[in-house]
Amino acid sequence: MTTDASDAVEIRNALLRLRRGTGLPIAFGGLMEAGQRMRISELSGTATHALRSLVVTSGTGLGGKTVALSRPCVVTDYSASRQISHEYDAPVAVEGLRSVLAVPVVVRYRVRGVLYGALRTSLPLGGRMLDVAVEAARDLERALGVRDEARTLAAEAAAGAGAGVGPGWEQVREAHTALRALAPRIADPELRAELLGACALLTAESAGSPRVRLAPREVDVLACVAAGATNAVAAERLGVTPETVKGYLRSAMRKLRARTRGEAVVAARRAGWLP
């Protein structure tokens, strides 16, 4: 598995959060590749490029130990530590690192990468500092999980549409609802556009311009309603309040000239907004 541009953005954002939250001047990290290897791809605050593209094997060094144990690990003096192996002492010494913490990024029970924070002096790294580093990793886990799910749904929708065959209408509608709910949570504009394009493939929206114009959030709410969600459940899926859901639903019903939620869903399907 390689790190693409959108994943790299998420890693950089996590490293910045780690540095701001912990006060550590140096952070770096990367994602797993094939064969239980992790490649350090992103650096923040480093003085050299000694660590860039360094491949860390599971069980070796601090990061490899973190991968193998799937838990945070810390050393106060990297080169002198007896708790880790020392395959990577040379690049660590070039960068001048002493105290280093490493936290795993775990998505669906699988280690996907490692985030590091470091000092050039020998000081304990733990307590609140370690908690903040772990939270930065959790944020990255959530972002990667959303992206994984979004890519899977988009690929399945595009493949089914391209082949002219696919799952039953209920599965299609469930996929459409999930894609609409995921799209607003994707920071990367290209991936978000890809998701919305997959949504369009599942509806008559792709065949031409619908006669009734709905705002994206109105379609999101209608997709949730079509899947049987209450206002509260729709709000949770979309990351908004129930009152906001009600507002979008009222607006959509007015545009569709619908008196009930059910009528709004039927009208949206006829207009090509829902599968």
Side-chain angles (χ1 to χ4, degrees), residues 1-22 24-81 83-108 110-121 125 130 133-134 136-148 151 187-188 190-191:
M1 181 179 296
T2 58
T3 304
D4 65 20
S6 53
D7 287 339
V9 170
E10 298 293 354
I11 298 171
R12 287 196 292 271
N13 289 339
L15 294 177
L16 289 174
R17 286 194 294 272
L18 189 155
R19 289 182 64 192
R20 285 196 299 264
T22 63
L24 293 173
I26 305 157
F28 48 98
L31 298 182
M32 299 299 295
E33 297 182 337
Q36 288 298 294
R37 302 182 309 171
M38 188 273 298
R39 183 181 298 274
I40 296 175
S41 60
E42 304 301 322
L43 311 177
S44 180
T46 54
T48 74
H49 294 291
L51 299 171
R52 186 176 297 281
S53 297
L54 182 67
V55 175
V56 178
T57 304
S58 177
T60 61
L62 182 67
K65 181 177 179 179
T66 295
V67 171
L69 298 179
S70 189
R71 64 173 175 81
C73 296
V74 181
V75 293
T76 303
D77 191 337
Y78 191 99
S79 62
S81 175
Q83 307 302 315
I84 60 172
S85 61
H86 290 277
E87 291 85 350
Y88 315 108
D89 281 7
V92 170
V94 170
E95 187 59 42
L97 304 182
R98 298 285 298 280
S99 297
V100 187
L101 61 80
V103 294
V105 177
V106 183
V107 180
R108 293 188 176 91
R110 182 167 63 94
V111 177
R112 286 284 301 278
V114 178
L115 299 182
Y116 300 80
L119 288 169
R120 293 190 174 88
T121 55
L125 303 179
L130 187 58
V134 169
R138 297 298 88 83
D139 288 343
L140 180 56
E141 290 168 2
R142 287 188 284 269
L144 293 177
V146 168
R147 300 176 78 82
D148 288 350
R151 286 175 178 137
D188 179 53
E190 291 185 5
L191 181 58

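Listed here is the closest heavy atom pair of Ala14 and Ala136: O-CB, 3.8 Å. For the residue pair Ala118 and Pro25, the shortest heavy atom distance occurs at O-CD, 3.4 Å. For the residue pair Ala8 and Glu42, the shortest heavy atom distance occurs at CB-OE2, 3.4 Å.
Just one residue in the list Val107, Asp7, Val111 forms a side chain to side chain contact (heavy atoms under 4.5 Å, CB included) with Leu31, and that residue is Asp7.
In this structure, CG on Leu130 lies 9.5 Å from SG on Cys73, to the nearest 0.5 angstrom. Between Leu101 atom CG and Leu115 atom CG the span is 9.5 Å, to the nearest 0.5 Å. Taken to the nearest 0.5 Å, the OG atom of Ser58 stands 6.0 Å off from the CE atom of Met32. Note that OH of Tyr78 is 6.0 Å distant from CG of Asp89, once rounded to the nearest 0.5 Å. To the nearest 0.5 Å, the span separating CG on Leu119 from OG1 on Thr22 amounts to 8.0 Å. Taken to the nearest 0.5 Å, the CG atom of Asn13 stands 12.5 Å off from the CG atom of Leu18.
Checked against side chain to side chain donor-acceptor pair (under 3.5 Å), Gln36 has no partners two or more places apart in sequence or in another chain. Partners of Ser44 according to the side chain to side chain donor-acceptor pair (under 3.5 Å) rule, which considers only residues two or more places apart in sequence or in another chain, are Arg19. Taking the side chain to side chain donor-acceptor pair (under 3.5 Å) definition, one finds that Arg20 meets it with nothing, sequence neighbours left out. Taking the side chain to side chain donor-acceptor pair (under 3.5 Å) definition, one finds that Thr48 meets it with Glu95, sequence neighbours left out. For Pro91, the side chain to side chain contact (heavy atoms under 4.5 Å, CB included) partners are Ala50, Leu51, Leu54, Tyr88, not counting sequence neighbours.
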Report, one line per pair, each donor and acceptor closer than 3.5 Å where one atom sits in a side chain of residues 62-70; sequence neighbours left out.
from: Lys65; atom 1: NZ; to: Gln83; atom 2: O; distance (Å): 3.1
from: Thr66; atom 1: OG1; to: Leu62; atom 2: O; distance (Å): 3.1

Under the criterion side-chain contact (heavy atoms from CB on, under 4.5 Å), I'd like the reasoning laid out for Arg17 against Asp139: C-alpha separation, chi angles, the key distance, then a yes or no.
CA-CA 9 Å; Arg17 286 194 294 272; Asp139 288 343; 3.3 Å; yes
Under the criterion side-chain contact (heavy atoms from CB on, under 4.5 Å), I'd like the reasoning laid out for Ile26 against Leu97: C-alpha separation, chi angles, the key distance, then a yes or no.
CA-CA 9 Å; Ile26 305 157; Leu97 304 182; 3.5 Å; yes
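At a threshold of 4.5 Å between non-hydrogen side-chain atoms, the residues Pro72 and Val134 count as touching. In this structure, the side chains of Val56 and Val114 stay at 4.5 Å or more apart for every pair of heavy atoms. Put simply, the side chain of Tyr116 reaches to within 4.5 Å of the side chain of Ile40, judged on heavy atoms. Looking at Ser41 and Ser53, their side chains never come closer than 4.5 Å, going by heavy atoms from C-beta outward.
Panel note: side chain His86, backbone Ala80; no donor-acceptor pair is recorded below 3.5 Å. When atom types are taken as modelled, the side chain of Ser99 and the backbone of Asp77 share no donor-acceptor pair closer than 3.5 angstrom. Glu141 places a side-chain N or O within donor-acceptor distance of the main-chain N or O of Val106, the cut-off being under 3.5 Å.
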